[in-house]
Amino acid sequence: MSKQENIRNFCIVAHIDHGKSTLADRLLEMTHTVSGREMEEQVLDNMDLERERGITIKARAVRLEYIDKEGQKYAFNLIDTPGHVDFNYEVSRSLSACEGALLVVDATQGIQAQTLANGYLAFDAGLEIIPVINKVDLPAADVDETRHEIEEIVGIPADEAPCISAKTGLNIEAVLDAVIRSVPAPKGDPFSPAQALIFDAVYDSYKGVIVYVRMKEGTLKKGQTIRMMATGAEYEIVEIGYLRPLGLEQKESLEAGEVGFLTAAIKTLSDAQVGDTITTAEHPASQPLPGYKKALPMVYSGVYPADGSHYGDLRDALDKLILNDASLVFEPDTSVALGFGFRCGYLGLLHMEIVLERLEREFNLDLITTAPSVIYQLQMTNGQTVMIDNPTNYPPSEQITAALEPMVKASIILPTEFVGSIMDLCQDRRGVLIDLKYLGPDRVELHYHLPLNEIIYDFFDALKSRSKGYASLDYELLGYEKSTLVKLDILLNGEVVDALSFIVHAEKAYPRARRIVEKLKDNIPRQLFEIPVQAAIGGKIIARETVKAMRKDVLAKCYGGDISRKKKLLEKQKEGKKKMRQLGSVEVSKEAFMAVLKLDE
Amino acid sequence: MNKLGLYIHIPFCRQKCRYCAFYSSRPRPQDISRYVKAVVRQLDSYDEDLQDYHIDTVYFGGGTPSLLSEGDMAQLMDAIRRYPLSEHAEITCECNPDSATENKLLSYASLGINRISIGMQSGQQDELRALGRLHTHEKTAACVAACKQAGIENISLDLLLSIPHQTPDSLMDSLQKAVDLHPAHLSVYGLKIEEKTPFFLDPPPMPDEDTEWEAYQNTFAFLESMGYNQYEISNAAKPGFESRHNNKYWKRDETLGLGPAAHSFFKGRRFYQEADTAAFMQGNKNIVQEPPLTARDILEETVMLGLRLKEGVDVTPLSPSPQTISFLEQLEKEAYCTYHKGVLSLTRKGFFLSNTIITSLLNLI
């Protein structure tokens, strides 16, 4: 057990790809926690998906032991946090577990949107912020400018900021020394009633939920009965100890100021909610720690099994997924075109992509997903206020007094040369410019109010491509604003296909309608009969295309040797037909369906 | 007594046509005579099986069967005649204008060949060259004349659609040239790029679907106007001159195939010979049996093959559901078929979409 004064609890925050995970690797190496040989690139990112995308999804915490030049032993609790805007809540909970934050800035890029966003989060959490200037080994690095930006924009002194290269290992020791020097030791009385902050939780099939805790006050011992203050549920501690990079280290107890884990045969993640306070049943704390809130989904989509008989598998997969993802919500949903499936709610587009990819990859599911949509607020003629998250539930316009859509405040940081193009993009997405600030001679920060609806498709991609990848984006939900919305229906062969319906702003309705009917015309294979493709608002057709009837599908020769082959071909064709989604009288392949729903610019 | 169609494969060609996927190779000296002996041996091995059969059609296919010398053909016909052969059996030999000489045709005729199928393919020189054919149209015409000289009136010409350089005009010209030769029968096939053919490695530009459709419809409409009734998806003939041997395939009558790559439908089982001439000549019996046919298989085959014929299929025994009948009525409305008194028959428009129609129908039944 280390003395409280020799504990340092800190996290690393940064904009994406500025090097926080690489820095974490170096810290692990330097503290001899994991030897160079044992080092697998970015050990803390231990999910395949994360490694592939080079992003961190689940917060991880690890205890490192460091002996300084004077021979003093320190315990560092390092918490690695996600850098993506979708996961702000998780970031903020991890910050609550720390006293300090390393703010890593890429010396070739300088301050970016999330450097600021995360920097402010750390500020708000009362942490001591230590700037670290990274990638100084690269030719494009401009250390002075970066230092200057940190002081001017973030507003903290940066003259003593360690200049490092996490990749080459340059000057990492300076970071450790800065942590010792500048991050305050934790406080908290080990004899007070226990208050442990749950800052993360992971489901394990053998142990149940592994709860990551920061002891704020008091002590928790193995065998004690604990109480979750949000739910009142009680459990007995089975295991308790430290989180080490290569596994769990069992201990008898955890004291105020320490970071570690506990297991208590907790069955589901919803029983151990991030942000909640754990206390003991015997001497409970009078108040929970502040700041707990439930994460709200921002984006919804329909998720259906490509083959209806796999509905049960999809349901099981979602049940398993939420064991490890407390912010995913879902409920059963049906579609005339797609059958039985689910409506899922995500923290954002990245969260959605990750969930879908996990479902397809980890659970081997073949899925059809409908286009992402947001929740609209409708004020009805009968006085009620209705929240609509599914276009198929959109009531007829006569019943609606007013329609409101969610708005976000977006902050975009980009090089000056692209400002015009990006402002065009935002304007095109019904954005309203709030302000424009120069962050330096070559960089601008734009603030726009934008409808959430307009940025959930491909705004980020368009932003990147118009700025050659240099623009960065951060956004937060502002609230609901009145808007002129309409429901666009798509008809095939005169029948509405509910899976293709969506809600759109009135001024975007016609161009969207045209794009969809054209996309459908290009993607629906020709069939025995001609297929009219129409887009309609309230029954009125505003765009149409026609899929011409098939002309040729014949086997010219069928003699002795051809018969078996032809049988096989027809068999394949029959199977293929069975896999097609029947949209009324029209057969559409899964790929065609997805292509239309994707609606790439 | 049961009827049987006999098919003999001659897997030899002087040169591979660029579009051809049939099994053949260049013959070395003595190859063909060795091969003929192997075929005779194989026929003999069916002695017992052929007890209650008489042969009413014979078909020499290839490759280039006209590479068979008089002596080769004589050996084969002798072996065949050891079995009961119908008096009016149709005995077809496929010929190439460059290997079917006058003398050869005379000998074939004297040996009993009474039907010749000639690969004309096109009446245009540039088109023939692009296909890799070894003859000119003049040669084709001469070959037809030689057949008639030899007393063979039952002549069929093969033509191709959608080949490189072909235009609607050049196609009409080729059709006219074909008709001017007064054949009894014509087979017209749309070019298909098959795997393992020279065209596959260097694909020629193909016309779009709509152009192909026009070509197909116009071709058979023209042939009909000239007295050739379209009786199958790709075949038209003067009344009474339909190919009796090929009809066996579409009507599921029994056929026995000899030689590598030859297929059979005999005593209710389908089987074929592996495509390996060398192995065959060494006497290796590489017969591959296909799985036995279930009742469902037979139903599907009947529909699939029967709908290739103008006379169509009687679907009443299949007990079509109301859904199926409504589908057929929908097809009829679009002029894809006629559905009358239980008999479903595809129109020329329907022939061109027969794969899809058949799959949709079979998914319903």
Side-chain angles (χ1 to χ4, degrees), chain A residues 306-309 339 492-495 521-533 545-592, chain B residues 5 7 9 22-23 59 61 160-161 187-192 208-214 216 232-234 245-246 248-250 252 255 257 261-265 270 272 275 290 297 300-301 303-305 308 327 330-331 333-334 336 349-360 362-363:
Chain A
D307 181 344
S309 64
L492 293 180
N493 254 347
E495 290 168 16
K521 181 181 104 123
D522 292 338
N523 278 282
I524 292 179
R526 289 166 96 172
Q527 295 172 38
L528 283 174
F529 311 104
E530 182 180 272
I531 302 167
V533 178
E545 283 290 340
T546 308
V547 180
K548 291 196 290 180
M550 193 194 287
R551 289 288 214 161
K552 181 183 181 190
D553 186 14
V554 62
L555 185 66
K557 289 192 185 182
C558 195
Y559 302 111
D562 306 307
I563 294 176
S564 306
R565 205 158 35 117
K566 169 142 200 203
K567 277 162 64 177
K568 286 200 187 99
L569 259 158
L570 287 183
E571 199 51 51
K572 257 173 75 180
Q573 239 178 318
K574 273 201 297 165
E575 290 307 306
K577 266 184 191 295
K578 290 203 186 122
K579 282 210 184 105
M580 300 274 228
R581 316 297 307 195
Q582 221 24 62
L583 301 179
S585 43
V586 179
E587 290 171 341
V588 184
S589 70
K590 179 190 166 177
E591 290 71 28
Chain B
Y7 174 82
H9 193 61
F22 284 121
Y23 179 66
Y59 197 102
L160 286 175
L161 300 175
S187 303
V188 188
Y189 305 112
L191 178 67
K192 182 161 176 236
D208 64 63
E209 268 190 14
D210 294 318
T211 310
E212 290 195 285
W213 189 89
E214 294 278 340
Y216 178 78
E232 192 264 356
I233 289 178
S234 304
H245 181 82
N246 287 335
K248 285 180 188 287
Y249 296 127
W250 304 315
R252 300 184 78 246
T255 53
H263 286 240
S264 309
F265 178 46
R270 293 196 181 275
Y272 63 91
E290 301 206 12
D297 287 332
E300 297 198 348
E301 280 189 13
V303 170
M304 177 185 107
L305 297 168
R308 295 189 69 88
F327 173 65
Q330 221 186 346
L331 287 178
K333 241 175 65 182
E334 289 289 325
Y336 284 134
K349 192 178 164 197
F351 274 155
F352 216 52
L353 283 178
S354 49
N355 282 354
T356 306
I357 292 173
I358 292 169
T359 359
S360 304
L362 290 177
N363 265 346

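Chain naming here is simple, since letters A, B, ... match the order of the sequence lines and numbering starts at 1 in each.
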From CA spacing to verdict: side-chain contact (heavy atoms from CB on, under 4.5 Å), Q573(A), N355(B): CA-CA 9 Å; Q573(A) 239 178 318; N355(B) 282 354; 3.8 Å; yes
Stepwise side-chain contact (heavy atoms from CB on, under 4.5 Å) check, E300(B) with K574(A): CA-CA 12 Å; E300(B) 297 198 348; K574(A) 273 201 297 165; 2.8 Å; yes
Residues Y559(A), N246(B); criterion side-chain contact (heavy atoms from CB on, under 4.5 Å); working and verdict: CA-CA 7 Å; Y559(A) 302 111; N246(B) 287 335; 3.5 Å; yes
Stepwise side-chain contact (heavy atoms from CB on, under 4.5 Å) test for R270(B) and I563(A): CA-CA 10 Å; R270(B) 293 196 181 275; I563(A) 294 176; 3.8 Å; yes
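Looking at heavy atoms from C-beta onward, R308(B) lies in side-chain contact with K566(A) at the 4.5 angstrom threshold. E212(B) places none of its side-chain heavy atoms less than 4.5 Å from the side chain of R551(A). Side-chain contact between E334(B) and L528(A) is absent, with no heavy-atom pair separated by less than 4.5 Å.
F327(B) touches chain A through its side chain: at least one heavy atom from C-beta onward sits under 4.5 Å away, while N, CA, C and O do not. Y59(B) does not touch chain A: none of its heavy atoms, backbone or side chain, sits under 4.5 Å away. Residue contact with chain A, scored on non-hydrogen atoms closer than 4.5 Å, involves the side chain of Y336(B) exclusively.
G190(B) and A556(A) make their closest contact through N-CB, 4.1 Å (heavy atoms, listed as atom of the first residue, atom of the second, distance).
Interface remark: of the candidates V188(B), L353(B), I233(B), L353(B) forms the most heavy-atom pairs closer than 4.5 Å to chain A. For chain A, the option among S360(B), A262(B), A261(B) with the highest count of heavy-atom pairs below 4.5 Å is S360(B). Contact tally against chain B (heavy-atom pairs below 4.5 Å) for M550(A), K557(A), E530(A), R526(A): the top residue is K557(A). Of the listed residues L331(B), T356(B), I358(B), the one with more heavy-atom pairs under 4.5 angstrom with chain A than any other is T356(B).
Classification of K548(A) and E209(B) as a salt-bridged pair fails, no side-chain N sitting under 4.0 Å from a carboxylate O.
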